[in-house]
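In this text the structure is predicted, and so the values were computed from the model without any measurement.
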Amino acid sequence: QVQLVESGGGLVQAGGSLRLSCAASGGAFSTYTMGWFRQAPGKEREFVLAITWNGDRTYYADSVKGRFTISRDNAKNMVYLQMNSLKPEDTAVYYCAADRHSTTYWRPSDYDYWGQGTQVTVSS
């Protein structure tokens, strides 16, 4: 069973930065596509970014292009989300997810394993 644990969330002012981390254990991390999703109160969980198993491709939601970056370190079983120029509308619980074999990446149903989430709050 794969376990994912996010960390690094918190409260930040608009325009600030945060770096989220996701630690994976118990599976073949280096073979998974990894994604970040977020869910704001009263809204559906939405795709933010994804990275392929070897990091050769990354995918971004339009809302975060130019501001957020995803990266991974397969030797450490870690995936990261660097968030810059944060806006109040980025406020949400951020989830790390692992996809074993889907050919798509933007739907929550594409992913097999999920972390518990970490809260990010951006004040105006």
- Item | Residues that Arg107 engages under salt bridge (charged side-chain N to carboxylate O under 4.0 Å, His left out), provided they are two or more places apart | Asp110

- What are the two closest non-hydrogen atoms of Pro88 and Ala14, and how far apart are they? CD-CB, 4.1 Å

- Item | Single-linkage hydrophobic cluster, 4.5 Å side-chain cutoff, Leu81 and Val93 together | no

- Note on the structure: Contacts of Tyr59 meeting ring-ring contact (aromatic ring centres under 6.0 Å, His included) (sequence neighbours excluded), chain-then-number -> Tyr105

- Task: Output the rest of the hydrophobic cluster of Val5: all Ile, Leu, Val, Met, Phe, Trp and Tyr residues reachable through side-chain heavy-atom contacts under 4.5 Å, sorted by chain and number.
- Result: none

- Query: Roughly how far apart are Ser25 OG and Gln1 CD, rounded to 0.5 Å?
  - Reply: 10.0 Å

- Pairwise disulfide bond (SG atoms under 2.5 Å apart) hits with a residue in residues 50-124, at least two apart: Cys22-Cys96

- Leu18 versus Leu86: any side-chain heavy-atom pair under 4.5 Å? yes

- Note on the structure: For Arg19, the salt bridge (charged side-chain N to carboxylate O under 4.0 Å, His left out) test, sequence neighbours excluded, returns none

- With sequence neighbours left out, write down each residue that passes side chain to side chain donor-acceptor pair (under 3.5 Å) with Gln3, or none if nothing qualifies. none

- Note on the structure: Sequence neighbours excluded, the answer for salt bridge (charged side-chain N to carboxylate O under 4.0 Å, His left out) partners of Asp73 is none

- Item | Same apolar cluster (I L V M F W Y, side chains within < 4.5 Å links), Ile70/Trp53 | no

- Beyond-backbone contact of Tyr32 with Asp99, side-chain heavy atoms, under 4.5 angstrom: no

- Query: What residues, two or more places apart in sequence or in another chain, satisfy side chain to side chain donor-acceptor pair (under 3.5 Å) together with Ser7?
  - Reply: none

- Message: Would you say Tyr113 ends up clustered with Leu20 if hydrophobic residues are merged whenever their side chains have heavy atoms under 4.5 Å apart, either directly or through other cluster members?
- Response: yes

- Does the side chain of Trp36 come within less than 4.5 Å of Glu6's, by heavy atoms? yes

- Query: Looking at Gln116 and Leu4, what are the two nearest heavy atoms and their distance?
  - Reply: OE1-O, 3.6 Å

- Taken in chain and number order and not counting sequence neighbours, the residues that satisfy ring-ring contact (aromatic ring centres under 6.0 Å, His included) with Phe37 are Phe47, Tyr111, Trp114

- Met83 vs Val120, side-chain contact (heavy atoms from CB on, under 4.5 Å): CA-CA, chis, key distance, verdict: CA-CA 10 Å; Met83 304 185 293; Val120 171; 3.8 Å; yes

- Members besides Leu11 in its Ile/Leu/Val/Met/Phe/Trp/Tyr cluster (side-chain heavy atoms under 4.5 Å): none

- Specify the closest pair of heavy atoms between Val64 and Val48, including all atoms of both residues, with the distance to one decimal. CG2-O, 3.7 Å

- side-chain hydrogen bond (donor to acceptor under 3.5 Å, both in side chains) pairs touching residues 74-92, sequence neighbours excluded, are Ser17-Asn84, Arg38-Asp90, Arg67-Asp90, Arg72-Asn74, Gln82-Asn84

- Mind checking what makes salt bridge (charged side-chain N to carboxylate O under 4.0 Å, His left out) contact with Lys65, not counting sequence neighbours? Asp62

- Message: I'd like to know if Phe29 and Tyr95 are part of one continuous hydrophobic network [Ile/Leu/Val/Met/Phe/Trp/Tyr, side-chain heavy atoms within less than 4.5 Å].
- Response: no

- Message: Does any part of the side chain of Asp112, heavy atoms only, come nearer than 4.5 Å to the side chain of Val2, both counted from C-beta?
- Response: no

- Query: Quick check: does any side chain N or O of Thr33 sit under 3.5 Å from a backbone N or O of Thr52, one acting as donor and the other as acceptor?
  - Reply: no

